[in-house]
Protein chains: 2
Amino acid sequence: MDEKTKRLDTDERTALILQTAETLFEAHGVEQVSMHQIAQSAGVGQGTVYRRYANKGDLCMALMHRQFHKLQQHTAMILAQPVSFRQQLKDIVKAHIHFLESHVAFIETIHDTAMCAEKKQLFYESQPYQFLHGVLCTLLNKSVAAKQARPIQTDFTAHMMIASINPKVYLYLRKKKQYSEREIVDSFAQSFIDPLYYK
Amino acid sequence: MDEKTKRLDTDERTALILQTAETLFEAHGVEQVSMHQIAQSAGVGQGTVYRRYANKGDLCMALMHRQFHKLQQHTAMILAQPVSFRQQLKDIVKAHIHFLESHVAFIETIHDTAMCAEKKQLFYESQPYQFLHGVLCTLLNKSVAAKQARPIQTDFTAHMMIASINPKVYLYLRKKKQYSEREIVDSFAQSFIDPLYYK
DNA sequence: AATCATAACGGACAGCTGTCCGCATGTCAA
DNA sequence: TTGACATGCGGACAGCTGTCCGTTATGATT
């Protein structure tokens, strides 16, 4: 079979779906747009959309792919800076909170679909989660090994840290409680990072 | 109108619905039972169920009412103990984690329906959340005032603490990562309570 | 007894997700 | 050219949530 023509067709279709979704999301808000609507607008069947993306969260994930990649590159850059582990930890948390701030709608949808429903917590298996958890763990481990931080269960601690900065509570603090992004970043460092370190 | 007879009828109906739901939940698991099914089994219309409980989470909340009450009484008891604030904090967290362990299925459903969907974060307005948050805040405030703990944003810290012990991450740690309830309680105290305190 | 007002009921309905299957289209082999 | 076969499309469909409205029942009024 001629890979070229076939591939091009399906790839074009995929691009069309992504494009359509992005436009609709922008116009009406992620929450308000249904998968049916996306298929309709793109002029394809629902099956065609679902065959590519298992659900709206999946689709959002695909749309965010570039951004996640950049975030991870930025994280790697922070890890290469010649500053203390503690500072790296703070910088990474800050970067991730800023990322959350910038893309809440998408992240909320990803979070919802991967968490709620009986999707069996596959959120925790996702690459971005694993990546962040790995990075936090490593930093905590190094800190403990260097006797800069108290001895703690680093794996557990990293999970808890990520859990505490989730889109739901973040939106609540921002919108209902009127916290600023800055306050959240600083308070987090103050309550959950600094206390782990000696001195 | 004669309040008595009318009231009895509707109360009996309510009791019937709750009873039916409880039975079905026990038999097939909360997740697997639909509101339609509950109505069907109770021999009433869907509207009748929804008029009483806005959704499944609401219904679970009603079924858990007694338990929540007991949990809060227990919390009050802990607060009356002649031990340090730090110890009270640990005991309360322990009690709440045990509560979560004992009723995960229900709490997960409550969490899902009040968090996901565009239910506008009404979870944070619920009485159990407000209660726990208030208690944690008070304890942290007292600790800081007594110079036993570092100066921190107590309101923020309490929200983060609750966010970190949510049913999703809890189930993940218990089931996938094989943590024991005990380990979770101890690690939490070690990473997020002890470090806040001097000495 | 007849009429009326009101509250609560039931289930039809709309809208969504996710699945499934019959069908079209294009490729390869003979 | 033709038949076999795979790929992937479309949309019908099942199942769920939550809403809405016509109907019914019950007590109040005359």
Side-chain angles (χ1 to χ4, degrees), chain A residues 1-18 20-21 24-25 28-62 109-120 122, chain B residues 1-18 20-21 24-25 28-62 109-120 122:
Chain A
M1 132 166 73
D2 182 5
E3 284 282 332
K4 270 296 160 48
T5 40
K6 199 57 170 292
R7 256 303 165 87
L8 210 64
D9 269 2
T10 68
D11 281 4
E12 272 169 6
R13 242 190 178 84
T14 300
L16 174 64
I17 290 169
L18 285 177
T20 306
L24 287 174
F25 287 163
H28 311 111
V30 180
E31 196 72 47
Q32 299 305 313
V33 180
S34 74
M35 292 295 265
H36 182 81
Q37 227 171 113
I38 294 168
Q40 201 89 352
S41 295
V44 302
Q46 270 187 89
T48 304
V49 175
Y50 275 103
R51 207 165 303 110
R52 286 165 171 74
Y53 308 104
N55 51 55
K56 209 158 68 169
D58 222 44
L59 209 166
C60 287
M61 199 66 168
T109 300
I110 292 169
H111 198 264
D112 279 7
T113 54
M115 281 291 219
C116 298
E118 78 294 357
K119 291 284 169 281
K120 288 301 164 205
L122 71 116
Chain B
M1 133 167 75
D2 183 6
E3 284 282 334
K4 271 297 161 44
T5 40
K6 199 60 169 290
R7 257 303 164 85
L8 208 65
D9 269 3
T10 68
D11 281 4
E12 272 170 4
R13 240 190 179 84
T14 300
L16 174 63
I17 288 169
L18 285 176
T20 307
L24 287 175
F25 287 163
H28 310 111
V30 181
E31 196 71 47
Q32 297 306 312
V33 180
S34 75
M35 291 295 264
H36 181 83
Q37 225 172 113
I38 294 168
Q40 201 90 353
S41 296
V44 302
Q46 269 188 90
T48 303
V49 175
Y50 274 103
R51 206 166 304 111
R52 286 166 170 75
Y53 308 104
N55 49 55
K56 210 158 70 169
D58 221 46
L59 209 167
C60 287
M61 199 67 167
T109 299
I110 292 169
H111 198 264
D112 279 5
T113 54
M115 280 289 218
C116 298
E118 77 293 2
K119 289 285 170 278
K120 288 300 163 207
L122 72 114

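Keep in mind that this is a model prediction, so the values were computed, not measured. Throughout, a chain's letter reflects where its sequence line sits, starting with A, and its residues are numbered from 1.
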*Asks:* So which protein nitrogen or oxygen atoms get under 3.5 Å of nucleotides 19-21 of chain C's nitrogens or oxygens?
*Replies:*
none

*Asks:* What is the minimum heavy-atom distance between A:Val30 and A:Lys56, and which atoms define it?
*Replies:*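 Closest heavy-atom pair between A:Val30 and A:Lys56: O-NZ, 3.0 Å.
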*Asks:* Of the options D:dG10, C:dG10, C:dT17, whose atoms approach the side-chain atoms of A:Thr48 most closely?
*Replies:* D:dG10
*Asks:* Measure CG/B:Leu24 against P/D:dC16 and give the value in whole Å, please.
*Replies:*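 In whole Å, D:dC16 P lies 12 Å from B:Leu24 CG.
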*Asks:* Rounding to a whole Å, what distance do you find between A:Asp11:CG and D:dT7:C1'?
*Replies:* 15 Å
*Asks:* Do A:Ile38 and A:Val33 have side chains that approach each other closer than 4.5 Å (heavy atoms only, starting at C-beta)?
*Replies:*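 Yes, side chains in contact.
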*Asks:* Return the nearest nucleotide to the side chain of A:Asn55; candidates are C:dC16, C:dG18, D:dC16.
*Replies:* C:dG18
*Asks:* Give the rounded distance in Å between these two atoms: CD1 of A:Ile38 and P of D:dC9.
*Replies:* 16 Å
*Asks:* Work out which heavy atom in A:Gly57 is nearest to a heavy atom in A:Thr113; give both atom names and the distance.
*Replies:* CA-OG1, 3.1 Å
*Asks:* Can you check the B:His36 NE2 to C:dT17 C1' distance for me, whole Å?
*Replies:*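 Atom-to-atom, B:His36 to C:dT17, this comes out as 18 Å.
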*Asks:* If you compare every side-chain N and O of B:Arg13 against the phosphate oxygens of C:dA8 (OP1, OP2), does one of them come in below 4.0 Å?
*Replies:* no
*Asks:* Considering non-hydrogen atoms only, spot the tightest contact between A:Cys60 and A:Ile110 and give its length.
*Replies:* CB-CG1, 3.7 Å
*Asks:* Check B:Asn55 against B:Met35 and note the closest heavy-atom contact, atom names and distance.
*Replies:*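 Smallest heavy-atom distance, with atoms named: C-CE, 3.7 Å.
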*Asks:* Restricting to pairs with a member in residues 36-45 of chain A, which pass side-chain hydrogen bond (donor to acceptor under 3.5 Å, both in side chains), not counting sequence neighbours?
*Replies:* A:His36-A:Gln40, A:His36-A:Gln46
*Asks:* In this structure, how many angstroms lie between the P atom of C:dG15 and the CD atom of A:Gln32, rounded?
*Replies:*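 Taking atom P of C:dG15 as the reference, CD of A:Gln32 is at 13 Å.
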*Asks:* So, for B:Arg52 and B:Thr10, which heavy atoms are closest and what is the spacing to 0.1 Å?
*Replies:* NH2-O, 3.3 Å
*Asks:* May I ask you to evaluate whether A:Arg52 reaches the phosphate of D:dC9, defined as a side-chain N or O under 4.0 Å from OP1 or OP2?
*Replies:*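 So the side-chain polar atoms of A:Arg52 do come within 4.0 Å of the phosphate oxygens OP1 or OP2 of D:dC9, strictly under.
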*Asks:* If you pin B:Gly45 and A:Met35 to their nearest nucleotides in DNA chain C, which one's is more 5'?
*Replies:*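 First, find each residue's nearest nucleotide; the 5'-ward one identifies B:Gly45.
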*Asks:* Expressed in angstrom and rounded to an integer, what is the separation of A:Leu16 atom CG from D:dG10 atom P?
*Replies:*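 Atom CG in A:Leu16 sits about 10 Å away from atom P in D:dG10.
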*Asks:* Given atom CD of B:Glu31 and atom P of D:dG15, what is their separation to the nearest angstrom?
*Replies:* 17 Å
*Asks:* Nearest to the side chain of B:Gln37, heavy atoms from C-beta on, is which of D:dC16, C:dT17, D:dT17?
*Replies:*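 Shortest atom-to-atom distance from the side chain points to D:dC16.
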